[in-house]
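Data block below; observations after.
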Amino acid sequence: MSFFNKLKSKLFKSSSQLEEGLDAIVEEGGALSEPDAPEPPAAPEPPKPEPRPDPAPEPFPAPQDPDPTPRPQEVPDPAPSEVPQGPVPVEIPDDTPPGQPNTGGLLGRVFGRQSAAPVVRRPLDDDMLESLEDLLITADMGVQTAARVTANLAEGRYGRRVSTQEIKEALAEEIARIMEPVARPLPLYAKKPQVVLVVGVNGSGKTTTIGKLASQFNAAGKSVVIAAGDTFRAAAVEQLQVWGDRAGVPVMTAPQGTDPASLAYDAHKKAEEDGADLLMIDTAGRLQNRADLMEELAKIIRVIRKRDETAPHNTVLVLDATTGQNALNQVEIFQKIADVSGLVMTKLDGTARGGVLVALADRFGLPIHAIGVGEQIDDLSPFDPEEFAAALTGLTR
Amino acid sequence: MSALTWKEGDTPIVGEFLELRQSCELDRLNAGAAAKGLAGSLHCVTAKSGVRLVAMGRIVGDGGMAAMLVDLMVEPNMRGQGIGREVMERLVAWCREELPRSCSISAIPVPGSYSLYKGAGFEIRGGMAFSLP
Ligand SMILES: Nc1nc2c(ncn2[C@@H]2O[C@H](COP(=O)(O)OP(=O)(O)OP(=O)(O)O)[C@@H](O)[C@H]2O)c(=O)[nH]1
Ligand SMILES: [Mg+2]
C-alpha cells in the first residue's frame, strides 16, 4: 500500500472538511462556465443511493485519469436544499444513458473533468475570499495563518472565475509551500550516542512515538537504547518495555519515583559503553502549569550535559494533532524550557482537520520529523508536504 | 457505543465547535469570532466519541473576580446520559480549584436546563444580557 493511499485512508478519515467546504463555497456563488448549456428540466433524483461499483472503500474521489468517460465517484449529492439560497440552483441535465449508473450528480461531473463538461466557476471576489478564510479557520489553521494563506491565494487570481478544482489546487500548492521547509526527518549525526530527548504534555503520544521511532531506526541498522525517563508512573515503565520489546530495543528502567535525571545519566553511560548509535529518552507527560515537572525536565538536560555537553542533540516535542490550537501554546511553553528542535505530530488518523500543522509551520517553522497515523508500531510516516496538502484539501492527484 | 474521551484544558478545533453548535441548533457564528473566543477561554472541557466532539463547556472571564460558564453543549442524540452533568461537574471542580475564593461565576442557562445548573450550586439572580446584532 502506497503511503498516499495509507494517508488517504487513515488521515482525515471522515473526508477532508476543507474539501466539502470548498465545494460548497464555489457552488454557492457559482455558475456553469458554459452559458449556452441547456437549462435543466429539473434533473431527476438519482435512483437511490446506488451500490458503489468499487468494492474497496475509497473515502476520497478516485484519482483522475485521462479517460474522458464519467467515472462513478462517491461525492455528496448536491441536493438543492443544501445550496443555501444560491442565485440559481446549479445543476446539469442528466444525460446519463439509461442503464448506466448515475455518476453522482454535478460534483461527480466536475471531478470527472471531462474535457468538454461544464464546470461550476465563481469569481474570486471578497465574498469568496472571506468564505475561504473562514473555512481555513474551521480547519484549525488559526486566524493569522488563514488570513495569510487567503491573501496569497488571492494574488494573481483576484477577480478571476475559478472552479473548485482550481481553488483546491491553488490551496494545496500554497499549503505545500508553507509545509515544504518543515518536512525534515530526524537528523542523524556522527556523534555516538546521539541523545534524543522526547517531551510533550501527557497523552500526546511520546512513549508510543519512541517505540515507533526505535523500531524504524533498529530496522535501518542503528543500535538504539531507550531510557524510560517517566519514572512518575509505574505503568509507564511497563508500557515502554512492551514497546521496546516490539521494536527489539533495550529499555533502561528505574524503580518508580527514581530521579529521572539520574536514570538518564546511567542510560547515557550504558549507551556509550554499548557503542549505541542513539539514546532515546522518554519523559513524564507534564502539564504546562506543573512547575515541578518542568523543573524535572530542565534537570534531565543539565545532568545529561555533564556526560556530553553537546547533548541532547535533538529535543523532539510530541504534539497531539487533535488538540487544536492549544498545540501552539504547547510549543511556546516547551521552547522556553527546552531547546525544541523538532516536532512529531501524532493522531493525524483521528482528525479531519490537520490545519494546526499549517499554523505550526507558519508560526514556528520547526521541522516535522514524522506523523503518527495509528496506534501500531508501523503507524509512523515521514511527513510529505504535498501529500498532506492534497489530503487536507481533498485534491485528487 | 464506545466510551467517551474526556479532555480538560484544550479547546476544540473551531470546526468541531461550530458543528456541535449547529447540531444543538444554536445561531451560526463567524469562524474568526469563534477562533478568537475559544482562544480566550480560561478553561475548557470536551468529550469525544471516537473522533467526534459530542459535548463541551467553557469557563471565560478575568480569572480573578468574575467568570462565566458558557457553551455547555451536548449533542442532541447523546443527551440523557449524564454527559452534561459531567461537563458541569468538571467545570465547577476546575473553578473551585483554580479561581480565587471570592470569584463570582455566572451563567445564562437555556430554559429547561435550570436544574442542571442548580444542582451544581448556581442560584437564580437577576441579570441582563444582549448580543451584538
Ligand atoms: N490513533 C492514534 N493513537 C495514538 C497515536 N500515537 C499515540 N496514540 C495513542 O495515544 C495514547 C497515549 O499515548 P502514549 O504514547 O502513552 O502517550 P504519552 O505521551 O507517552 O503519555 P504519558 O506518558 O501519559 O504522558 C495511547 O492510547 C496511544 O495508543 C497515533 O498516531 N494515532
Ligand atoms: Mg508515556
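Chain letters run A, B, ... following the sequence lines, proteins first and then strands; every chain starts at 1.
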Assess whether atom [atom1] of [X] is packed by more than 12 heavy atoms of other residues, nucleotides or ligands within 6.0 Å.
X     : atom1 : value
B/N77 : CG    : yes
B/E8  : CD    : yes
B/R96 : CZ    : no

Roughly how far apart are [X] [atom1] and [Y] [atom2], rounded to 0.5 Å?
X      : Y      : atom1 : atom2 : value
B/I13  : A/Q325 : CD1   : CD    : 8.5 Å
A/N326 : B/T11  : CG    : OG1   : 6.0 Å
B/L38  : A/I137 : CG    : CD1   : 11.5 Å

- Among the listed options A/L136, A/T323, A/V143, the residue most often paired with chain B at heavy-atom distances under 4.5 Å: A/T323

- Message: Which residues pass the side-chain hydrogen bond (donor to acceptor under 3.5 Å, both in side chains) test with A/D320, not counting sequence neighbours?
- Response: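 So A/D320 forms a side-chain hydrogen bond (donor to acceptor under 3.5 Å, both in side chains) with A/T322, A/K347, B/K7.
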
- Does the pair B/D10 and A/Q330 meet the rule for a side chain to side chain contact (heavy atoms under 4.5 Å, CB included), with working shown? CA-CA 10 Å; B/D10 292 336; A/Q330 290 176 19; 4.2 Å; yes

